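I have placed the structure first, in the form of structure tokens, so that the comments after it can refer back to it.
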Amino acid sequence: MTRKLLLLCCIMAAVLVFLTACQNENNEAGSQDATPLLWRATSPEGNSIYLFGSIHVAEAGIYPLPSFVMDAFNRSDYLAVEIDILNEPSFEEQMAMIMPFMYTYGRSVADDIGQNLLQRASDIFAEHEMPWSGEIFKPVMWWIALTELAVNLSGWSAEYGIDIYFMQQAAQQNMPILEVESAESQMQMLANFSMPLQIALLEDMVTAFENIDMYAEYEANLLEMWLRGDYQAILTATNEENERLGATLAAEYHDAMMVQRDIHMTQVARGYMADGKNVFFMVGLLHFIVEGGIIELLQEAGYTVERIGG
């Protein structure tokens, strides 16, 4: 596993993925009129941190970000992110993380997904001349690889994502970077997906490539929604996307991707405030805005959360 795969895992965990071939040529992304979602959370004891909802895949035109966002970052002493992608694991750590995604004892992905889906997925890689020999990998790894291909085709890049941008800014300022989660925890979450969920995700991604124009049109507005801070539109688009999995698998997906992680992220945020740390706390936007997400959990625990710049 390389830094690229860590980037992709961060993308998968945030759900705001699959930005594909249809870019908006009239994007006013770099405008100071943009109003991405930023909050200040204050504990009952009076300690506060900033909460910023990121999007992990973007393009260079979104920069510079609005001054109210950069001012909050520059007033902070720490940057907290899901994963410190700049700190790549050792080879031994990479192998330990990737082993749960590999078949053993002579099995291959065809044993779980069948020859038809295997051929459809393989044809996509061949059509776009992307080297991929993944028979030893479980379906969720095929899903991640196809997501990488979709991102590459789009012209969007994790290298322009909000996470990388602020981590680079922090490195330049010698600002400490805190990890809210870890590469290991995110990889383990994906590896724990049930086989029916893994197959459904792969099937959905393969189908998306087979209807790429329709899919691109559906997904292309996510960055615009993020820039506008239009969380209702983002929630609607995400819910429609998840519904394609069916109720049971969507519930499993939501519990793993959101519910359990949001509880953990909220505990980490509360810990920073308890320690009096002045933190710019940045994770995927959905973790803040979903029902039962970080904002609601903090408010239920007696914290004050106010939006800034909206």
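Note that these values count all heavy atoms, side chains included, but never hydrogens, waters or copies made by symmetry. Please read these numbers as outputs of a predicted model, since none were measured by experiment.
Proximity of a side-chain donor or acceptor of Asn74 to a complementary backbone N or O of Met70 within less than 3.5 Å is detected. Looking at His128, its side chain never comes within 3.5 Å of a backbone N or O of Asp123 through a donor-acceptor pair. With hydrogens and angles disregarded, no donor-acceptor distance shorter than 3.5 Å links the side chain of Gln299 to the backbone of Thr304. One N or O on the side chain of Ser43 and one on the backbone of Glu45 form a donor-acceptor pair closer than 3.5 Å. Under the 3.5 Å distance criterion, the side-chain polar atoms of Ser185 are left unmatched by any main-chain donor or acceptor of Glu181. Side-chain atoms of Arg120 never come within 3.5 Å of backbone atoms of Asn116 as a donor-acceptor pair (strictly under, hydrogens ignored).
Hydrophobic clustering of Ile, Leu, Val, Met, Phe, Trp and Tyr side chains at less than 4.5 Å, counting indirect connections, keeps Val259 apart from Leu245. A continuous path of hydrophobic side-chain contacts links Ile199 to Leu202 [ILVMFWY only; heavy atoms under 4.5 Å]. Residues Leu146 and Val140 are members of one and the same hydrophobic cluster, defined by side-chain heavy-atom contacts under 4.5 angstrom among Ile, Leu, Val, Met, Phe, Trp and Tyr. Placement of Leu285 and Tyr63 within a single hydrophobic cluster is found when ILVMFWY residues are connected by side-chain heavy-atom separations under 4.5 Å, directly or transitively. The cluster map of Ile, Leu, Val, Met, Phe, Trp and Tyr, joined by side-chain heavy atoms under 4.5 Å apart, puts Leu86 and Val81 in the same cluster.
The two residues Leu235 and Ile289 have their closest heavy-atom pair at CD1-O, 3.7 Å. Across Met273 and Ile49, no two heavy atoms sit closer than the pair CG-CG2, 3.7 Å. Taking all atoms of both residues into account, the shortest heavy-atom contact from Pro36 to Val69 is CG-CG2, 4.0 Å. Closest approach of Leu149 and Ile124 over heavy atoms only: CD2-CG2, 3.7 Å. Nearest heavy-atom pair across Ala34 and Phe68 is O-CE2, 3.7 Å. The shortest heavy-atom contact between Thr42 and Ser48 is OG1-CB, 3.5 Å.
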* Run the side-chain contact (heavy atoms from CB on, under 4.5 Å) check on Ile62 and Ile162 step by step: do they pass? -> CA-CA 9 Å; Ile62 72 169; Ile162 302 299; 3.5 Å; yes

* Worked verdict on Glu135 versus Asp111 for side-chain contact (heavy atoms from CB on, under 4.5 Å) -> CA-CA 10 Å; Glu135 286 78 7; Asp111 296 318; over 6 Å; no

* **Arg40/Val305 under side-chain contact (heavy atoms from CB on, under 4.5 Å): CA gap, chis, key distance, verdict** => CA-CA 6 Å; Arg40 181 189 290 113; Val305 182; over 6 Å; no

* Intermediate values then yes/no, ring-ring contact (aromatic ring centres under 6.0 Å, His included), Tyr103 and Phe137 -> CA-CA 6 Å; Tyr103 287 100; Phe137 289 113; 9.0 Å; no

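Side-chain contact check for Glu82 versus Met282: every heavy-atom pair is 4.5 Å or farther apart. Within the 4.5 Å cutoff, the side chain of Leu37 has heavy atoms near those of the Tyr231 side chain. Considering only heavy atoms from C-beta on, Lys277 stays 4.5 Å or farther from Asp77 through its side chain. No side-chain heavy atom of Glu184 sits under 4.5 Å from any side-chain heavy atom of Gln188. The shortest distance between side-chain heavy atoms of Met141 and Met102 does not fall below 4.5 Å. For the pair Tyr253 and Met258, the minimum side-chain heavy-atom distance is 4.5 Å or more. Side chains of Asp84 and Leu178 form no contact here, defined as non-hydrogen atoms less than 4.5 Å apart. Using a 4.5 Å heavy-atom threshold, the side chains of Ile136 and Thr104 count as separate.
No side-chain N or O of Asn47 forms a donor-acceptor pair with one of Tyr272 less than 3.5 Å apart.
Between the CD atom in Glu306 and the CD1 atom in Ile295 there is a gap of 11.0 Å [rounded to 0.5 Å]. Taken from CG in Asp204 to CG in Leu249, the straight-line distance is 11.0 Å, to the nearest 0.5 Å. If you take OH on Tyr303 and OG1 on Thr266, they are separated by 10.0 Å, rounding to the nearest 0.5 Å. In this structure, CG in Leu117 is found 8.0 Å from OG1 in Thr207, a value given to the nearest 0.5 Å. The CG atom of Leu79 lies 5.5 Å from the CZ atom of Phe73; values are rounded to the nearest 0.5 Å. Rounding to the nearest 0.5 angstrom, the gap separating the CD1 atom in Ile164 from the OG atom in Ser54 is 11.0 Å.
Between Trp226 and Phe52, the ring-plane angle classifies as perpendicular under the 30° and 60° cut-offs. By the 30° and 60° cut-offs, the orientation of the rings of Phe193 relative to Trp143 is tilted. Classified by interplanar angle (parallel below 30°, tilted 30° to 60°, perpendicular above 60°), the ring pair Trp132/Trp142 is perpendicular. Below 30°, between 30° and 60°, or above 60°: for Phe281 and Phe288 the angle between ring planes is above 60°, a perpendicular geometry.
Within a 6.0 Å sphere centred on CE of Met99, heavy atoms belonging to other residues, nucleotides or ligands number 12 at most.
Of the listed residues (Gln198, Lys138, Arg107), just one forms a side-chain hydrogen bond (donor to acceptor under 3.5 Å, both in side chains) with Asp112, and that residue is Arg107.
Here Phe280 and Tyr78 keep their ring centres 6.0 angstrom or further from each other.
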